[in-house]
Amino acid sequence: YTAEVAENLIADKIETCISGSTILLALVKINNLDLISENYGTAGVSEALLKVSGILTGFYAEDPDAGNVVGRAGKNEFVVFADFTEYDLFKAHDKLKESLKEISRRLEECELDSGRGMVKCSIGAAVYPDISTDYDELYESAGEALKEAEENDGNYVLYKNETTGREKV
């Protein structure tokens, strides 16, 4: 989805979430898109965006009935809104964390065709309703986690409130 469509879909889904939901809002940024552009031009940039989009869509939006959303969030960013609701809240959080580890692993293997180089990504994530029930606050928290992931050359950071700190991998 485009940035505007993704934002509207996510905001609508947040407004209609049932009590007890566990939902991931993640921001994925291609860290080296400027370098790819410098070395391979618009064709390289398009390829990198398509590859990352394909990985995210294949992982989170494979099942259209799941209601997950994957869309653009900026020039080199994507947003993911994925439902991990389970009767067992601990199981839901475990599945959410495992999905972040797996998508991070898949993105680590993302490379341009013909061995031209790797596409380096960082992920910042926040959990609804643990962090907030408001889209803007959730997005801001995921953005803070993304900045931290970029600064520490980490694969992903899961935002947690100030009392529990942040979870890094």
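Everything quoted here is computed from the prediction, not taken from an experiment. Only this structure's heavy atoms are used, side chains among them; waters, hydrogens and symmetry mates stay out.
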Atom [atom1] of [X] and atom [atom2] of [Y]: how far apart are they, to the nearest 0.5 Å?
X	Y	atom1	atom2	result
Glu102	Tyr60	CD	OH	9.0 Å
Thr22	Asp83	OG1	CG	8.0 Å
Leu35	Met118	CG	CE	13.5 Å
Glu77	Leu146	CD	CG	5.5 Å
Glu111	Arg116	CD	CZ	10.5 Å
Asn155	Leu107	CG	CG	9.0 Å

- Task: Might you confirm whether atom NZ of Lys51 has over 12 heavy atoms from other residues, nucleotides or ligands at distances under 6.0 Å?
- Result: yes

- Task: Might you confirm whether atom CD of Glu62 has over 12 heavy atoms from other residues, nucleotides or ligands at distances under 6.0 Å?
- Result: no

- Item | Six-ring centre of Phe78, Arg72 cation under 6.0 angstrom, axis tolerance 45° | yes

- Message: Against the six-membered ring of Phe59, is Arg106 placed for a cation-pi contact (under 6.0 Å from the centre, within 45° of the normal)?
- Response: no

Looking only at non-hydrogen atoms, find the nearest pair between [X] and [Y] and report the distance.
X	Y	result
Ala61	Val70	CB-CG2, 4.1 Å
Ile131	Ala126	CG1-CB, 4.2 Å
Gly71	Ala6	CA-CB, 4.0 Å
Val5	Tyr1	CG1-CD2, 3.4 Å
Asn68	Ala82	OD1-CA, 3.2 Å
Ser21	Pro129	O-CD, 3.1 Å

Charged N to carboxylate O below 4.0 Å: is that the case for [X] and [Y]?
X	Y	result
Asp34	Lys75	yes
Glu108	Arg105	no
Glu98	Lys101	yes

Any donor-acceptor pair under 3.5 Å from [X] side chain to [Y] backbone:
X	Y	result
Ser99	Leu96	yes
Ser37	Leu33	no
Glu148	Val157	no

- Task: For the pair Tyr159 and Leu138, evaluate side-chain contact (heavy atoms from CB on, under 4.5 Å) and give the outcome as yes or no after the intermediate values.
- Result: CA-CA 9 Å; Tyr159 184 91; Leu138 209 55; over 6 Å; no

- Examine the side chains of Ser132 and Asp134 and answer whether a donor and an acceptor come within less than 3.5 Å of each other. no

- Item | Shared hydrophobic cluster for Leu112 and Val45 (ILVMFWY, side-chain gaps under 4.5 Å) | yes

- Partner of Leu25 under side chain to side chain contact (heavy atoms under 4.5 Å, CB included), chosen from Ile14, Val80, Ile10, Val69: Ile10

